[in-house]
Amino acid sequence: MRPFESPVPLQIDYAQELNPQQHAAVSAAPGPALVIAGAGSGKTRTLTYRVAFLVEHGIPARQILLLTFTNKAAKEMMRRVNDLLGADLRDLWGGTFHSIGARCLRLHAERLGFRRDFTILDREDSRDLVKACLGEPEFETTDKLFPKPDALVDLFSLAVNKYASLSEAIACDYPQFIALTSRLEELLRHFRARKQAANVMDFDDLQIKWLRLLTDFPDVLEGFQQRFQFILVDEYQDTNTIQARLIDLLAAKHKNLMVVGDDSQSIYSWRGANFRNIIDFPKRYPSAKVYKIETNYRSTPEILELANAAIAPNREQFEKKLASARKSGARPAVVPCNDAGIQAAFVAQRIMDLHEEGAPLSQMAVLYRSHFHVMELQLELTRRQIPFLITSGLRFFEQAHIKDLTAFLKLVANRSDEIAFKRLVLLLPGVGAKAAARLWTSFLAQTQVLLDGKDSAARPKKPIATCLQKSAATVPKKTATAWAQFVATMAQIEDLQAQPSEMIRIIIDAFYGDYLEENFDNYRQRAEDVEQLGIFAHQFQDLEVFLTQLSLMSTAETEEQEKNKGEEDRVRLTTIHQAKGLEYDVVFVLMLCDGLFPSTRSLDSSDGEEEERRLFYVAITRARNELYLSYPLLRFTQSQGEASQIPSRFLMELPAGLYEEWNLRQTNFGSY
DNA sequence: GTTAGGGACGCCGGT
DNA sequence: CGTCCCTAAC
């Protein structure tokens, strides 16, 4: 394809609104391009303008595919393009690899032996299903060392994400299970068969089956290649092997592929991300143009210098030098504290001081390596009544009560969903694992009674409630009342023809409200959450779309809902992983002790330390104006009680001139 | 034979 | 804070 010639006068003055490096990338000629965009250099801005640039040059929105790390990022970019151009971007496909995968798979599920109304399993669901497989007679074991369902799910997932066979994954990452390889392979076969029978896909299936769809069905591949003439990928450094192959296949025809990333911010190798994808991109695409964007608009020179020094020990990276465009500010502070309690007190006090000087709480963030590092601080903030917003380990919709509710909807959408079914009947008093399994068998038989005979497609589906009714023989006596209530609820919601918010209303009124009240002390809080879910559901007319969205929404996105609850000014508490792409005026990084950050478990592999260092780099570069790096000298541990801590090796690596060491004892220790 | 409740232990990260 | 295992109760 020839370089872009503007057929019409352009609305946007690109050279004016972008710096020269950004402008070069945005106006790149068609063909493969790699954009190395350092932290805070306007990566999102560059991608946004690139989309606008394409649209202005007459590329129809439906021919553009935009793959991002979160759905929120995709939405945000499309909104910004819309603001820039006023163009209609509804036809532009933008989202995460998982959500775009789900979309493609829905179009062609039959080719892979699934129906297009498949539902999506989260990690817990997968674990439940693996557990169910382990309950089959052939897998019964008394071996205490046999891997737990959690470990099995991890193992199966890692194999997929590394695009390796199970035996390769075992040999490479779980050598302790080598002797079990053939049994585990058999188990995996069962697990897969059961997923297919239940018409469900887990997160990994949304990638691997999408890839299979493209490799096994040339006509399908051809269709997508034809459609997606321009492909843009954000956060390319965090793609795994499958995702890189997906992109390569989709772009193979037109080769109009622009990938954007920062090799220094690759922090997801533990879930299969392959950092070689970005390093080797120029080798895979010899004609690729490489653009570097190296001006940082976010951080003060002091913070940026510290960041550059922090990442310097890493061997493998693209040569680049980030320079700050900002005026000088305060040097970052390194703050040793006696213990985690003092550390929490220090952070809380500092937050209060800054807030009194006029800094909004919402512009401050506390970052940490692992969720449990923040416990003491939560207590301290609560004690001092400093409002905070925490992105905890559990996402909103992974909470039991939210999952209970969605299980109703999932079963309506996909009556083969064994996992949803069992979850629901387990809510009933007197029903445990055994009764649930019996009920499922009998329910399954009932749903299939109508399938014999001819032309099942033309026949109206037998209502779920009727199938349940006919399974009632296997219900324990004391469950009878609850069972009737359950069946009645199901009868009501399946009449509604895909009105998610209506369904939720009925489930709460007819069944789940009572259940919450009987089973939980904090039922009010939980009831409020499910109400919230009902409100969120208002935006959706279509049940499948709603469920897909819900399954694939990240923590950050669910918080959008939370935010609407109160406009209160709050400090942000988050893991570094979840803070990716975000920025704050003031950043605190906690628990910089060797063994916690870098974490011991990451140091098994030689690449582990480099990845932890990149994580440290990501943490530092979230800060605009002020940065505090703290660690406790003593820490209470499970095994040894009070143990003295060694400061993180990442702190030791920093040249002393780049930070200021605070001594809480000498200064105003009393107030901390 | 099952289910329900209580106590002990262990924790990296997330679509 | 949540999962697992054990034991009491049905």
Between [atom2] of [N] and [atom1] of [X], the distance in whole Å:
{"X": "A:R613", "N": "B:dC12", "atom1": "CZ", "atom2": "P", "answer": "22 Å"}
{"X": "A:R601", "N": "B:dC11", "atom1": "CZ", "atom2": "P", "answer": "7 Å"}
{"X": "A:E398", "N": "C:dG2", "atom1": "CD", "atom2": "C1'", "answer": "13 Å"}
{"X": "A:Q578", "N": "B:dT15", "atom1": "CD", "atom2": "P", "answer": "6 Å"}
{"X": "A:D205", "N": "B:dT15", "atom1": "CG", "atom2": "C1'", "answer": "13 Å"}
{"X": "A:N161", "N": "B:dG14", "atom1": "CG", "atom2": "C1'", "answer": "11 Å"}
{"X": "A:D125", "N": "B:dG14", "atom1": "CG", "atom2": "P", "answer": "18 Å"}
{"X": "A:I390", "N": "C:dC1", "atom1": "CD1", "atom2": "P", "answer": "10 Å"}

Taking the minimum atom-to-atom distance to the side chain of [X], which one of [options] wins?
{"X": "A:K131", "options": "B:dG14, B:dC12, C:dC4", "result": "C:dC4"}
{"X": "A:T96", "options": "B:dC12, B:dT15, B:dG13", "result": "B:dT15"}
{"X": "A:R127", "options": "B:dT3, C:dT3, B:dT15", "result": "C:dT3"}
{"X": "A:A435", "options": "B:dG14, B:dT3, C:dC5", "result": "B:dT3"}

Taking the six-membered ring for Trp and the single ring otherwise, decide whether the centroids of A:F114 and A:H108 are under 6.0 Å apart.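 Ring centroids of A:F114 and A:H108 are no less than 6.0 Å from each other.
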> Quick one: are the ring centres of A:H577 and A:Y268 less than 6.0 Å apart?
Replying inline: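 Yes, close enough.
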Heavy-atom nearest nucleotide on DNA chain B taken for A:H577 and for A:A436; more 5' hit belongs to A:A436
Nearest-nucleotide check on DNA chain B, A:K434 vs A:S602; residue mapping nearer the 5' end is A:K434
With [X], which residues qualify under salt bridge (Lys or Arg N to Asp or Glu O under 4.0 Å), at least two apart?
{"X": "A:R127", "result": "A:D150"}
{"X": "A:D128", "result": "none"}
{"X": "A:D339", "result": "none"}
{"X": "A:E653", "result": "A:R613"}

What nitrogen or oxygen pairs link the protein and nucleotides 4-6 of chain B at under 3.5 Å?
from  : atom 1 : to     : atom 2 : distance (Å)
B:dA4 : OP1    : A:G430 : N      : 2.6

Side-chain N or O of A:T575 less than 4.0 angstrom from OP1 or OP2 on B:dC12? no
* So, is A:H371 close to the B:dG14 phosphate, meaning a side-chain N or O under 4.0 Å from OP1 or OP2? -> yes
List the atom pairs, with distances to 0.1 Å, where a side-chain N or O of residues 427-442 of chain A and a protein N or O form a donor-acceptor pair under 3.5 Å, not counting sequence neighbours.
from   : atom 1 : to     : atom 2 : distance (Å)
A:T441 : OG1    : A:A437 : O      : 2.9
A:S442 : OG     : A:S471 : OG     : 3.1

- prompt: Stacking check: are the rings of A:W270 and B:dG13 less than 5.5 Å apart at their centres and under 30 degrees in tilt?
  reply: yes
